[in-house]
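Here is the structure we will look at, set down as structure tokens.
When reading the values below, keep in mind they use all heavy atoms of this one structure, side chains included, and skip hydrogens, waters and symmetry mates. Each chain gets a letter, A, B and so on, in the order the sequences are listed, and its residues count up from 1.
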Amino acid sequence: MKRRTMLFVPGNNPGMLISGPVLGADALIFDLEDAVAEAEKDAARLLVRNALKTLECGATERVVRINGVDTPHWRADVAAIVAKEAGAGAGTVLLPKCSTPADVALVAEALSAEEKRAGRADGEVRLLALLESALGIENAFAVATCSPRVSGLFLGAEDLSADLGAQRTLTGEEIAYARGRVVVAAKAARVDAIDTPFTVVDDLENLERDAQLGRRMGFDGKAVISPQHVRIVNRVYSPSDKEIAWAEKIRAAMQRATAEGKGAFSVDGSMVDGPIVKRALRILQTAGRLNQEADGLREE
Amino acid sequence: MRIAKPTVQPIVKPSMAGSLESNDCLVSLHPLAKEELREGEEVRVEVDSIVQIQFGAQIEATARDVLARFGLTRVLVRIQDKGALDCTLRARLEAAVLRAGGDDHEA
């Protein structure tokens, strides 16, 4: 599943909810948490439930950021977005302020109960853990591996910086350790790593720089808070023509070597081994040019 | 979210949900005394829409459908519509009904 761009859409804004599916993001995050005023939580929940039922999202992943488990709202959020009244419902729940495996367990249990009630398969709704506290970062690997529902770790730098007493900067030195920790934990757990959004809406130059940094570090995609960020982040997280050509060359050489019964082979004078083949296949996968069965790379 | 089984009842208090933003609608509910209703009337619906000519009747029908599903009577519904889709209109009506019932908004 591609998660190059995960676009936040305010859960109580019908205009933005309706336009969400045509904005080009790989995933839409219908937000019931920070984007919704306390007095409007009930109305937003109903609106998102109805939007999930009505909107044609195609291949776009439908994610809902519920309220945190430290609020009185999260349980009703889960019930609403899994219920029959939500049609196909949410594919993924983004759990904010996730700090421990116990937070995941609580929501996973509620999801199981609601899936059963709605006649959906147990475990159908995936979880993304939003790590935005020092404790959450410290527990990253434990959170990523505590439930089969967890499909990714998602870094939330704004709340994290507040928790750390750090000052947010455009260049992000203050979150370098957290970024690295999230990527390593996610890769070790074989789940996605999603980078924090860039929050200055009109600074597209620094947005691109920030997205490139995340991609170089190993993130699989980035959260975005503005529709105008989608095109840039999609481009940054898509393989370039040069990368695709290199990957195609590696794949062709691998197929020749396999046919000839060779274990190791070289391309353009460089030795090619397993990790390089895997990287090439991942590039082709992201570019949508992979025949998964023939190339032997499973969906992760 | 589970909706309580409908029982015919008047609403407890006035309520409101939605907004006057584009693509939204503002729904307000007001309790009516029995003597304020015309003969045979259980629910009164008033619609003011930017697409009144095209969709006014459909908006009213949706409002009556939602109220019937909750079993509500003796109520005046005012809808100021700014181009809301049916799914938005239903969400706003349901929010207003739940708020009018005196629930804690977590029903």
Side-chain angles (χ1 to χ4, degrees), chain A residues 9-22 30 32 35-57 62 64 66-67 71-90 110 113-114 116-119, chain B residues 1-6 11-29 49-51 55 58-59 62-63 65-70 72 77 79-107:
Chain A
V9 182
N12 205 33
N13 185 324
M16 293 191 73
L17 286 174
I18 291 162
S19 61
V22 300
F30 302 122
L32 295 176
V36 179
E38 188 66 21
E40 292 296 323
K41 296 287 187 187
D42 57 336
R45 186 182 302 126
L46 289 162
L47 187 63
V48 166
R49 184 200 69 185
N50 285 8
L52 286 168
K53 183 178 182 182
T54 307
L55 295 182
E56 180 50 66
C57 290
R62 298 178 317 274
V64 177
I66 61 171
N67 288 282
T71 72
H73 308 299
W74 73 272
R75 193 65 182 75
D77 293 343
V78 168
I81 61 178
V82 178
K84 278 183 182 163
E85 290 89 342
E114 295 304 330
K116 189 174 180 186
R117 203 189 307 274
Chain B
M1 176 169 295
R2 287 168 294 285
I3 305 298
K5 197 175 178 184
I11 64 172
V12 175
K13 59 185 180 185
S15 69
M16 223 181 239
S19 76
L20 293 175
E21 301 284 320
S22 180
N23 299 116
D24 205 348
C25 59
L26 186 64
V27 172
S28 58
L29 302 186
S49 172
I50 58 170
V51 287
F55 296 108
Q58 194 175 322
I59 292 168
T62 296
D65 178 55
V66 171
L67 294 176
R69 218 156 41 77
F70 280 89
L72 290 182
V77 186
I79 300 169
Q80 293 170 265
D81 172 51
K82 299 294 177 183
L85 292 183
D86 189 68
C87 64
T88 301
L89 175 61
R90 286 180 184 275
R92 297 320 193 189
L93 283 160
E94 288 178 22
V97 168
L98 291 172
R99 289 174 178 181
D103 290 340
D104 61 0
H105 297 188
E106 299 296 341

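Here Asn12(A) is the residue among Leu55(A), Asn13(A), Asn12(A) with the most heavy-atom pairs under 4.5 Å with chain B.
Contacts of Ile18(A) with chain B are made by side-chain atoms alone, with heavy-atom separations under 4.5 Å and no backbone atom involved.
The shortest heavy-atom contact between Pro14(A) and Asp24(B) is CG-CG, 3.5 Å.
Between the CZ atom in Arg90(B) and the CZ atom in Arg49(A) there is a gap of 10.0 Å [rounded to 0.5 Å]. Rounded to the nearest 0.5 Å, atoms CZ (Arg45(A)) and CD (Glu94(B)) are 12.5 Å apart.
No option in Asn50(A), Leu47(A), Leu52(A), Leu46(A) other than Asn50(A) meets the side-chain contact (heavy atoms from CB on, under 4.5 Å) test with Cys87(B).
Classification of Arg99(B) and Glu40(A) as a salt-bridged pair holds, one side-chain N sitting under 4.0 Å from a carboxylate O.
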